[in-house]
Number of protein chains: 2
Amino acid sequence: MLVRAFVPAHITAFFVPVFHDDPLKAGSLGAGINLDKGTNVFASIETGTLERHIHVAFNGEPVKREEAVISYSVAEKIVPKDFMGEVEIWQYFDFPSGYGFGNSAGGALGTALALSYAFGGTWLKAAQIAHEAEVVNKGGLGDVVAQLAGGMEVRVKAGGPGCGVVDNLFFEDYKVLVVPLGRLSTKEILDGEVVKVIEVEGRKSLEKLLKDPTPERLMALARAFAERTGLLTGELLELAGELDRVLKSPSSMIMLGKGLFALVREKELESAKALLADLNVPYDVAEIHEGKPKVGRWFGEGYR
Amino acid sequence: MLVRAFVPAHITAFFVPVFHDDPLKAGSLGAGINLDKGTNVFASIETGTLERHIHVAFNGEPVKREEAVISYSVAEKIVPKDFMGEVEIWQYFDFPSGYGFGNSAGGALGTALALSYAFGGTWLKAAQIAHEAEVVNKGGLGDVVAQLAGGMEVRVKAGGPGCGVVDNLFFEDYKVLVVPLGRLSTKEILDGEVVKVIEVEGRKSLEKLLKDPTPERLMALARAFAERTGLLTGELLELAGELDRVLKSPSSMIMLGKGLFALVREKELESAKALLADLNVPYDVAEIHEGKPKVGRWFGEGYR
């Protein structure tokens with residue numbers, strides 16, 4: 001049996017980390033955008049061996065348990081203890097890991113959904129297992145609930161699935177331009193002094209967004225947050241300024257990665273692309289993924 | 001400006017009403033199925049008049065305020081007090097009202113989403129306004145949150161949007177066969193003695209479903225609930241028995257309408273249709289609507 005799950009890449013625009021001893025009450029406040037590119041998880045389940053085996057691969061390459069702690073912990077919880085067979089979990093990422101696209105949560109949630117589909121379970125329980133694995137292993141705090149909500153999401157009450165509350169903005173006709181330039185360590189930033197400024201600025205941004213809940217306001221608040229927290233500086237800030245010259249809404253920084261994102265109208269797309277090509281900067285364009293992740297039996301011609 | 005919202009028809013399989021003075025805490029526990037047919041709401045907004053006008057029409061026929069209390073109350077909350085112009089809300093229902101397809105909530109939620117899209121607002125706030133109008137005016141308790149969740153939903157914590165918690169089952173390849181035969185008054189049943197049995201049986205059904213969360217179990221529990229509460233009797237029960245002869249999963253009663261529903265595999269569809277045609281009974285077949293309602297600007301060639 002082969003099951004496929006698609007989980008959107010999730011870009012955080014601004015956030016407030018909310019820590020709690022109970023992983024289901026830990027999470028984040030904030031806002032972000034889900035893309036129609038992201039993480040595809042293919043779970044292959046075959047019976048007929050004498051042992052219970054679970055294997056995880058990233059982009060076609062098998063990875064060891066210590067390199068995929070979150071995915072293995074999700075799988076161990078869902079695959080029944082007495083299952084005799086091979087479970088292979090193939091995760092494919094459209095964006096590089098560590099760049100702020102929520103790959104970790106995408107892998108966790110995709111694995112949880114695909115395996116729950118195969119072995120029994122529900123959406124909520126699968127999502128809770130993914131969220132807990134993310135929180136406990138410091139993969140992230142808010143990506144799983146954000147990816148479940150889809151679209152342009154606003155986390156108005158922190159917490160995991162069934163506990164936190166996620167709202168959605170109405171929007172139309174936007175594509176998302178992303179400029180992925182490198183990694184940032186979420187752990188390092190959340191352990192540093194900047195987290196205090198993030199908490200203050202994040203709460204302010206959320207309050208302001210809920211008073212004027214539009215995509216344009218989201219981007220303006222994201223940019224202000226990125227600059228005021230001191231996370232967006234130097235060359236990245238300069239590049240954001242360049243992009244702003246050809247776009248109506250400000251671009252902002254991917255939280256947390258060395259990269260930028262922007263909402264782009266169809267008619268703005270060509271000039272933005274031309275600018276980035278001129279500057280010799282890598283970029284990608286995605287649609288916004290509305291609604292839930294996808295999961296279902298897979299009858300495709302292989303692992304694409 | 002013309003905005004369209006689609007809200008799925010929602011069939012309740014079993015339920016426990018949960019009353020509360022705070023409408024957002026009122027709701028229901030239970031399970032049900034969302035269909036790809038349901039309620040389409042077209043909101044036409046035109047400025048340039050000297051007064052603020054709101055009009056509602058059901059299936060092309062204008063209706064008076066007292067005949068559309070829920071929709072008018074939703075619209076009055078969302079259309080700004082100082083708006084000068086015409087707001088026309090055209091609601092089209094794929095199933096007859098009062099038959100248990102959640103038309104009331106579909107109209108309320110569709111109106112709230114379309115008007116919030118046009119006038120500003122968020123998904124959560126729109127949904128809360130629709131839920132409150134439903135609860136206060138006794139349109140229903142759980143349809144709005146169920147329609148927001150889509151798919152095969154399980155209400156595990158009662159309450160309105162942002163307060164209640166809705167889970168989803170995994171399923172594959174089912175269509176939904178519906179046999180709509182007539183109306184039942186939700187109000188009368190909820191005010192009667194049967195509500196005590198409903199509460200006991202509904203809770204038991206929910207508990208059992210969460211232990212074995214599959215579509216087949218949902219249908220078996222729905223049928224047991226319908227019979228044990230004494231709601232499914234007489235000719236309707238006989239018809240359910242007839243249907244069971246050609247289907248693998250039991251059919252059950254639409255809560256609350258004089259009608260039946262069943263999960264049908266592609267290969268079972270023809271024999272079910274033939275049986276119902278033989279019995280000269282009206283029926284319809286729908287797909288399951290997964291995910292959220294739809295809302296967006298409408299550029300169609302008129303009101304379909």
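To find a chain, count down the sequence lines: A is the first, B the second, and so on, and within it residues start at 1.
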**Asked** Closest heavy-atom contact between Leu109(A) and Pro293(A)?
**Response** CD2-CG, 4.1 Å
**Asked** Can you tell which of Val165(B), Thr122(B), Val295(B) has the highest number of heavy-atom pairs within less than 4.5 Å of chain A?
**Response** Thr122(B)
**Message:** Between Glu153(B) and Gly32(B) (side chain of the first, backbone of the second, donor and acceptor by atom type, cut-off under 3.5 Å), is there such a pair?
**Reply:** yes
**Prompt:** Between Gly150(B), Pro213(B), Pro161(B), which has the largest tally of heavy atom pairs under 4.5 Å with chain A?
**Reply:** Pro213(B)
**Residue Thr214(B) versus chain A: region with a heavy atom under 4.5 Å** = neither
**Message:** If I measure from the heavy atoms of chain B, does Ala118(A) come under 4.5 Å with its side chain, its backbone, both, or neither?
**Reply:** neither
**Closest-packed option against chain A by number of heavy-atom pairs under 4.5 Å, given Gly296(B), Ala127(B), Gly121(B), Gly120(B)** = Gly121(B)
**Request:** Would you indicate whether the side-chain heavy atoms of Leu35(B) and Ile11(B) approach each other to under 4.5 Å?
**Result:** yes
**Asked** When heavy-atom pairs shorter than 4.5 Å are enumerated against chain A, which of Arg297(B), Lys294(B), Lys157(B) gives the highest number?
**Response** Arg297(B)
**Request:** May I ask you to check whether over 12 heavy atoms, not counting those of Lys77(A), lie within 6.0 Å of atom NZ?
**Result:** yes
**Asked** Given that the side chain runs from C-beta out, which part of Val154(A) has a heavy atom under 4.5 Å from chain B: side chain, backbone, both or neither?
**Response** neither
**Request:** Answer yes or no: does atom CD of Glu46(B) have more than 12 heavy-atom neighbours from other residues, nucleotides or ligands under 6.0 Å?
**Result:** no
**Message:** I'd like to verify something: which residue of Tyr117(B), Phe171(B), Phe170(B) has the highest number of heavy-atom pairs under 4.5 Å with chain A?
**Reply:** Phe170(B)
**Request:** Heavy atoms only, distances under 4.5 angstrom: which of Val156(B), Val166(B), Asp212(B), Leu169(B) has the most pairs with chain A? Name it, please.
**Result:** Leu169(B)
**Message:** Is a donor from one side chain sitting under 3.5 angstrom from an acceptor on the other, for Tyr174(B) and Glu216(B)?
**Reply:** yes
**Asked** Just wondering, more than 12 heavy atoms not from Arg265(A) lying within 6.0 Å of its CZ?
**Response** yes
